[in-house]
Amino acid sequence: GRNINDGGAPFYRTYLTSDQKYVAVGAMEPVFWNRLLDGLKLDPAALPGQYDRARWPELAETLSGVFVTRTRDEWAAELADACVAPVLTMAEAPAHPRNVARGLFVAGTHGPVPAPAPRFSS
């Protein structure tokens, strides 16, 4: 986890929440990064720059300290327009409205399983 897309960047990783669940953050673009900081009530002027790699650990620690103050679902609802989403458990995922609408799970021998992908139309 030292690069942008592997969890090294504080704006593209998961964070633990107060209910011991996780949110996924993907606020790579400046508009989403600014929305994230605004939603977290953090002053951008008081933080390292978004792309200051040397200070990513410090920035991640700051964000971790804020995310752990509320539940996964509270953060996901509050920050949906900042590229923040709940990390669902396998028990939760099949019933999530987005997954249901897209038919992403099918019946398996022992319960729902992810549908095959890619799916080709006829």
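Quick caveat, the model's predicted, so the values are computed rather than measured.
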To the nearest 0.5 Å, tell me how far Ser18 OG sits from Glu74 CD. 6.5 Å
Side-chain heavy atoms of Phe105 within contact of Val100, under 4.5 Å: no
I'd like to know if the side chain of Arg35 and the backbone of Leu79 have a donor-acceptor N/O pair within less than 3.5 Å. no
Aromatic contact between Phe32 and Phe11, with the criterion being ring centroids under 6.0 Å apart: yes or no? no
Would you check if the side chain of Thr17 reaches a backbone N or O of Thr71 as a donor-acceptor pair within less than 3.5 Å? no
How long is the span from the CE atom in Met28 to the SG atom in Cys83, to the nearest 0.5 Å? 10.0 Å
Exam field: side chain Asp73 to backbone Pro86, donor-acceptor pair closer than 3.5 Å: no
Just so I know, are the side chains of Leu36 and Val84 near enough to count as touching, which here means a heavy-atom distance under 4.5 Å? yes
Do Trp75 and Thr69 come close enough that some side-chain heavy atom pair is under 4.5 Å? yes
Could you give the distance from CG (Asn5) to CZ (Arg13), rounded to the nearest 0.5 Å? 12.5 Å
Give a yes or no on whether Tyr12 and Val66 share a hydrophobic cluster (residues Ile, Leu, Val, Met, Phe, Trp, Tyr; joining criterion: side-chain heavy atoms under 4.5 Å apart). yes
Does the Trp56 side chain pair with the main chain of Gln50, one donor and one acceptor, at a distance under 3.5 Å? yes
Could you check whether any side-chain N or O of Asn99 sits under 3.5 Å from a backbone N or O of Ala93, counting only pairs where one atom can act as donor and the other as acceptor? yes
Donor-acceptor contact present, side-chain Asn34 to main-chain Pro30, <3.5 Å: yes
Distance from Asp43 atom CG to Leu37 atom CG, nearest 0.5 Å? 9.0 Å
Would you indicate whether Tyr15, at its atom OH, is surrounded by more than 12 heavy atoms from other residues, nucleotides or ligands within a distance under 6.0 Å? yes
Can a donor-acceptor pair be found, under 3.5 Å and without considering hydrogens, that links the side chain of Glu61 to the backbone of Glu58? no
Tyr51 versus Ile4: any side-chain heavy-atom pair under 4.5 Å? yes
Between Asp6 and Arg2 (side chain of the first, backbone of the second, donor and acceptor by atom type, cut-off under 3.5 Å), is there such a pair? yes
Nearest 0.5 Å, what's the CZ-CG distance between Arg55 and Leu47? 8.5 Å
Would a distance-only check, ignoring hydrogens and angles, find a side-chain to backbone donor-acceptor pair under 3.5 Å from Arg72 to Val87? yes
Answer yes if Val23 and Leu59 sit in the same cluster of Ile, Leu, Val, Met, Phe, Trp and Tyr residues linked by side chain heavy atoms under 4.5 Å apart, and no otherwise. yes
Pairs where residues 25-34 contributes a residue and the test salt bridge (Lys or Arg N to Asp or Glu O under 4.0 Å) is met, not counting sequence neighbours: none
If hydrophobic clusters are built from ILVMFWY residues whose side chains come within less than 4.5 Å, do Val25 and Leu63 share one? yes
Where Ala85 and Ala76 come nearest, the two heavy atoms and their spacing: C-CB, 4.4 Å
Is any side-chain heavy atom of Met90 less than 4.5 Å from a side-chain heavy atom of Pro114? yes
Can you tell me which residue pairs pass the side-chain hydrogen bond (donor to acceptor under 3.5 Å, both in side chains) test with a partner in residues 76-89, sequence neighbours excluded? Thr89-Glu92
